[in-house]
2 protein chains.
Amino acid sequence: MAKIVTGKNHSKKEVILKKAATLFKTKSFSASSMRELADVVGVEAPSLYNHIGSKSELLQDICFKIGSQFTEQIEQISTSDKSTVAKIEAVIRFHIEMMAENFDEVYVANHEWKHLNEPYLTDFLNIRRNYEKSLMGFIEEGITKNEIKAVNPYVTVLTILSAVRGLEFWQRNKKNVPLHVLENDMVNQLLYGIV
Amino acid sequence: MAKIVTGKNHSKKEVILKKAATLFKTKSFSASSMRELADVVGVEAPSLYNHIGSKSELLQDICFKIGSQFTEQIEQISTSDKSTVAKIEAVIRFHIEMMAENFDEVYVANHEWKHLNEPYLTDFLNIRRNYEKSLMGFIEEGITKNEIKAVNPYVTVLTILSAVRGLEFWQRNKKNVPLHVLENDMVNQLLYGIV
DNA sequence: GAAAAAAACTAATAAGTGTTAGTTTTGTAA
DNA sequence: TTACAAAACTAACACTTATTAGTTTTTTTC
């Protein structure tokens, strides 16, 4: 009889969630089966249900855990006394660090949210929309204060968020390009350009 | 007995491919069934097989059609006599236009290539790697010629490609932000920054 | 209009899906 | 040791999956 091995400070559900994130990232949510997940966890598929409610619930937990971490952070940056440019920089750096530390979960939240059921799908999209609004607020504030060029705030938010989201492709080159180089160069390009 | 309606200059396979791209974009490749596709096409599922080889083949066709369009374009830009900055700008603008004109296919190629079977998966990744190398060549050339700051070329490529890939999120806001504004502002931010 | 080819159909297959029921084993407290 | 709960197991269900076989209908060609 196999057993779920839990490290210290990790419930069995957390172990399952972590392995699910890795599986969903690698194979996508829909193409991942509960039997495959069970294999990775080292247990028979039905045994998973002693710890989790459903396959959907796994996706929900991953997406909202990441979602709330980002929300929390941007609220903290909002209420700080940084300059607007420094706020934007802080957002970019936080994205990069989240990507570095919670790659699988962030990847899944970014790519597989589409498979959330209602009402979670709507909730998740609202969280994201609010996040984008906060960041857009920084941009607008920066333009008002003449700290930032008169650009279209929406396009700027789109560009920044897309750029940091693309960090998933960096993973394979981790060794060649260390984190701090990536962080500094990306911040510099997005804020000051390359020309 | 239902029938596949083909507009002029479109084979029945092309009709299926177009609808498949839309379906795969909306629901993801794995979560899309041949029965759903058949529904959209207006025919029973087995009838599709008179025109296509398999579900996988649909994904292959979509990915490689888009892949070769990008490859062709970057080769053309490579052999042009533009300045390096102008070359980079041309790449960004081409991405935006491709996204605007072939949204579904580009989206699927960007998101669902993971589900390609071998040897197609390897081939596709090679195509992408070569594309990235070409773009990286422009950056390196620009640095050598002092037209571009001394940045890390890999990070720059990553940032640019991620930004343009993120245009998929722009679709919903098409009406508020017209294409030429998006194009100009994104080019400007990536080349000249926002500060 | 007859013959051939293309493209639709129905029926079926084998494999895989998430999940439940019921049972047995394991770990914990008294 | 005994009782109880947690967590594993096997077996099974109801469905869905891509795809094939075989047949019928439609379209094209002469």
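Just so we're on the same page: letters track the sequence lines, and every chain starts at 1.
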Check your understanding: Stepwise, does the side chain to side chain contact (heavy atoms under 4.5 Å, CB included) test hold for B/Asn176 with A/Tyr154?
Key -> CA-CA 10 Å; B/Asn176 302 340; A/Tyr154 171 74; over 6 Å; no
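- With rounding to whole Å, B/His115 atom NE2 is found 15 Å from D/dT17 atom C1'.
- The CG atom of B/Asp185 sits 9.5 Å away from atom NE2 of B/His180, with the distance rounded to the nearest 0.5 Å.
- By the neighbour-count criterion of 12 heavy atoms within 6.0 Å, atom CD of A/Glu72 is sparsely surrounded, having that number or fewer from other residues, nucleotides or ligands.
- Between the CG atom of A/Asn117 and the P atom of C/dG18 there is a distance of 13 Å, rounded to whole Å.
- Between A/Leu48 and A/Met34 the shortest side-chain heavy-atom distance falls below 4.5 Å.
- A cation-pi arrangement is absent between A/Lys114 and A/Phe124, since the terminal nitrogen or guanidinium carbon is not both under 6.0 Å from the aromatic centre and inside a 45° cone about the axis.
- Within residues 19-35 of chain B, the residues approached by DNA chain D to less than 4.0 Å at the level of any non-hydrogen atom are B/Ser32, B/Ser33, B/Met34, B/Arg35, in residue-number order.
- Regarding B/Leu37, its CG atom lies at a distance of 12 Å from the P atom of D/dT17, rounded to whole Å.
- Atoms CD (A/Glu44) and P (C/dT26) sit 15 Å apart, rounded to a whole Å.
- Listed nucleotides: C/dA8, D/dC9, D/dT19. Nearest to the side chain of B/Pro46: D/dT19.
- Ion pairing between B/Lys13 and B/Glu57 holds under the 4.0 Å rule for side-chain N and carboxylate O.
- Checking A/Asp104, A/Leu23, A/Ile62 one by one against A/Lys18, the side-chain contact (heavy atoms from CB on, under 4.5 Å) holds for a single residue, A/Asp104.
- Within the 4.0 Å cut-off from OP1 or OP2 of C/dC9, at least one side-chain nitrogen or oxygen of B/Ser47 is found.
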For residues 88-96 of chain B, which side-chain donor-acceptor pairs fall under 3.5 Å, sequence neighbours excluded?
{"from": "B/Glu89", "atom 1": "OE2", "to": "B/Arg93", "atom 2": "NE", "distance (Å)": "3.1"}
{"from": "B/Glu89", "atom 1": "OE2", "to": "B/Arg93", "atom 2": "NH2", "distance (Å)": "3.1"}
{"from": "B/Arg93", "atom 1": "NH1", "to": "B/Glu183", "atom 2": "OE2", "distance (Å)": "2.9"}
{"from": "B/Arg93", "atom 1": "NH1", "to": "B/Asn184", "atom 2": "OD1", "distance (Å)": "3.1"}
{"from": "B/Arg93", "atom 1": "NH2", "to": "B/Asn184", "atom 2": "OD1", "distance (Å)": "3.1"}
{"from": "B/His95", "atom 1": "NE2", "to": "B/Tyr131", "atom 2": "OH", "distance (Å)": "2.8"}

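- Of the residues in residues 48-65 of chain A, those placing a heavy atom less than 4.0 Å from an atom of DNA chain D are A/Asn50, A/His51, in numerical order.
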